[in-house]
Amino acid sequence: MREEILAGYSRDRRDLSALLQGATPADLDRRSKGRRWTNEELLFHMVFGYMVVRALLPLVHVASRLPRPVGRAFAAVLNAGTGPFDVVNYWGSRAAARVYDRRRMSRKLDKTITALSRRLERESSHEEQRLAAVLREAPLYASICV
């Protein structure tokens, strides 16, 4: 699991860099297909997902230590908050893309992935299994972490 995650991190870094290098300003300013974001905002949304994962990891660690029934109830509360989360996620990505624009988002992704990779390297296999169990219980976690 760890190797797959690290490989995904590397792939996302390369993909973002390639997309940003290959896109013209007009490409990035154009509305993305099927979304309300511009292409630049959509690319930042990917970076934002990594930022959210990094911020929520302590919460996931706590949830992984809760007794199973309590953990399930906690996951249900989080899943009930999906609607408000979606609104904040949409508007937050639009606003933050102005700060972490095409010139800065790649560096932000690199720094965030570097921190996540270091943390993953420190995890024991037992801790990794507990975190995977929490992610299976809470679809909101899973959608954030993918």
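Residue numbers count from 1 along this sequence. The model shown is predicted, which means the values in this text are computed figures rather than measured ones.
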With the side chain counted from C-beta on, respond yes when Leu109 and Leu16 share a heavy-atom pair under 4.5 Å apart, and no when they do not. yes

Distance from Arg122 atom CZ to Ser117 atom OG, nearest 0.5 Å? 11.0 Å

Decide yes or no for His45 and Asn89: does some side-chain heavy atom of the first lie under 4.5 Å from some side-chain heavy atom of the second? yes

hydrophobic_cluster_shared for Leu78 and Leu66, side chain cutoff 4.5 Å: yes

Would you say Phe48 and Trp91 are hydrophobically clustered, going by side-chain heavy atoms of ILVMFWY under 4.5 Å? no

Say you draw a straight line from CG of Asn39 to NZ of Lys33; how long is it, rounded to the nearest 0.5 Å? 9.0 Å

Is the number of heavy atoms from other residues, nucleotides or ligands within 6.0 Å of CD (Glu4) greater than 12? no

Dump the intermediate steps for side chain to side chain contact (heavy atoms under 4.5 Å, CB included) on Leu42 and Met46, then the final yes or no. CA-CA 7 Å; Leu42 185 59; Met46 181 187 87; over 6 Å; no

Result of checking Arg104, Met105, Arg98 against Asp101 for side chain to side chain contact (heavy atoms under 4.5 Å, CB included): Arg104

I want to check something: taking the side chain as every heavy atom from C-beta on, are Arg30 and Thr38 in contact at a cut-off of under 4.5 Å? no

Less than 4.5 Å apart, side chain to side chain, heavy atoms only: is that true for Leu120 and Leu6? yes

Do Trp37 and Tyr90 have ring centroids that are under 6.0 Å from one another? yes

Is a side-chain donor-acceptor pair under 3.5 Å present for Thr112 with Arg107? no

If you define the side chain from C-beta out and look only at heavy atoms, does anything of Leu59 sit under 4.5 Å from Phe74? yes

d(Ser106 OG, Arg13 CZ) to nearest 0.5 Å is 9.0 Å

Is any side-chain heavy atom of Leu116 closer than 4.5 Å to a side-chain heavy atom of Met51? no

Measuring only between side-chain heavy atoms, which start at C-beta, is Leu43 closer than 4.5 Å to Leu28? yes

If only side-chain N and O atoms count, and only distance matters, is there a donor-acceptor pair under 3.5 Å linking Arg54 with Tyr50? no

Would Thr24 and Asp27 count as having a side-chain donor-acceptor pair, cut-off 3.5 Å? yes

With a 4.5 Å heavy-atom cut-off, do Glu41 and Arg31 have their side chains touching? yes

Verify the cluster assignment for Val88 and Val53: are they in a single hydrophobic cluster under the rule of side-chain heavy atoms below 4.5 Å apart? no

Under 3.5 Å: donor-acceptor pair, side chain of Arg102, backbone of Glu40: no

